[in-house]
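Atoms within each ligand, like the ligands themselves, are counted from 1 in listed order.
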Amino acid sequence: MNARSLTEGKCVIEVRNVTKTYGSGATAFQALKGVDFPVNAGEFVMLSGPSGSGKTTLLSILGCVLTATSGHVQLMGEDISKAKESDLPRLRRSYVGFVFQAHNLIASLTARENVGLLLEMRGYSTRGARDEAGKLLDQVGLGDKLASKPGDLSGGQRQRVAVARALAGSPPIILADEPTAALDAQNGLKITETLRSLAKEHGHTVVIVTHDNRIFHLADRMVHIEDGLIQERL
Ligand SMILES: Nc1ncnc2c1ncn2[C@@H]1O[C@H](COP(=O)(O)OP(=O)(O)O)[C@@H](O)[C@H]1O
Ligand SMILES: [Mg+2]
């Protein structure tokens with residue numbers, strides 16, 4: 001399955017006037033104050049901003065991990081603004097692959113099993129997941145590390161497994177929260193280049209939260225957020 005065939009010509013992410021308030025009463029804190037964030041099919045967008053500006057909050061709403069307090073959020077044409085907590089896992093499975101700052105791989109599983117597990121969650125048979133995981137790991141340059149466990153891989157290699165896992169099952173949207181923060185400059189750049197080329201090849205729409213100015217030149221578009229609001233100009 002190719003993400004492009006699902007998304008051609010569409011606004012894949014539509015966020016309008018979104019607010020998010022954590023807590024309530026005297027301790028309430030408004031982390032997003034009316035954010036507009038449209039992303040077109042196939043775009044490779046980077047979201048930057050100071051610590052505490054709301055980047056992870058916005059990404060978590062796009063990733064169906066959190067719900068917005070108010071405003072409109074649509075993914076692939078489906079309105080998720082009114083989604084209940086119990087709908088979120090299905091929405092996540094349908095639309096989103098994640099790359100985290102810390103790779104979040106399962107230590108006791110091989111690279112192939114880590115990727116295969118996601119594929120099985122997305123409906124692949126055990127055999128199909130095994131084959132597809134091998135292909136994905138090959139695409140990120142780890143064709144010779146299928147049987148390695150995370151502890152036997154370098155930081156850069158682990159993050160490559162995490163990229164393969166995010167691509168597993170070809171979700172239309174890939175979200176990454178500071179994916180290069182734990183890597184040296186060269187590995188950070190190479191992994192972002194790999195993610196970009198695979199996303200362009202397969203038609204994924206990508207949003208990366210990053211402060212890493214060494215990778216900014218790979219973005220189709222930079223969006224800056226400050227104090228819970230998107231800044232019109234960087
Ligand atoms: N679960 C939470 N409860 C209360 N406040 C939170 C929670 N998560 C984040 N915040 C606050 O919301 C603001 C934005 O956080 P976050 O989205 O994580 O920012 P960033 O990723 O840009 O550093 C910060 O001030 C943070 O302290
Ligand atoms: Mg953050």
Trace of the side-chain contact (heavy atoms from CB on, under 4.5 Å) decision for Leu136 with Leu119: CA-CA 11 Å; Leu136 285 162; Leu119 287 161; 4.3 Å; yes
Check against salt bridge (charged side-chain N to carboxylate O under 4.0 Å, His left out), Arg196 and Asp220: CA-CA 10 Å; Arg196 182 182 161 95; Asp220 293 335; 3.0 Å; yes
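When atom types are taken as modelled, the side chain of Glu132 and the backbone of Arg130 share no donor-acceptor pair closer than 3.5 angstrom. Between the Gln159 side chain and the Phe100 main chain, a donor and an acceptor come within less than 3.5 Å of each other.
Not one N/O/S atom of Thr57, from backbone or side chain, sits under 2.8 Å from the Mg ion (ligand 2).
Distance from atom 16 (P) of ligand 1 to its nearest protein heavy atom, with residue and atom name: Thr57 OG1, 3.7 Å. Of all protein heavy atoms, the one lying nearest to atom 2 (C) of ligand 1 is Tyr22 CD2, 3.4 Å. Scanning all protein heavy atoms for the shortest distance to atom 18 (O) of ligand 1 gives Thr56 CB, 3.7 Å.
For atom 14 (C) of ligand 1, a protein heavy-atom neighbour is present inside the 4.0 Å cut-off. Distance remark: protein heavy atom not present below 4.0 angstrom from atom 27 (O) of ligand 1.
Ligand 1 has a nitrogen or oxygen under 3.5 angstrom from a nitrogen or oxygen of Gly54. At least one N/O-N/O distance between Gly52 and ligand 1 falls below 3.5 Å.
For the residue pair Thr19/Thr69, the side-chain donor-acceptor check at 3.5 Å is not satisfied. With hydrogens and angles left out, the side-chain atoms of Ser48 and His224 include a donor and acceptor closer than 3.5 Å.
Atom OG1 of residue Thr210 and atom CD of residue Gln101 lie 9.5 Å apart, to the nearest 0.5 angstrom.
Within the 4.0 Å heavy-atom shell around ligand 1 one finds Pro50.
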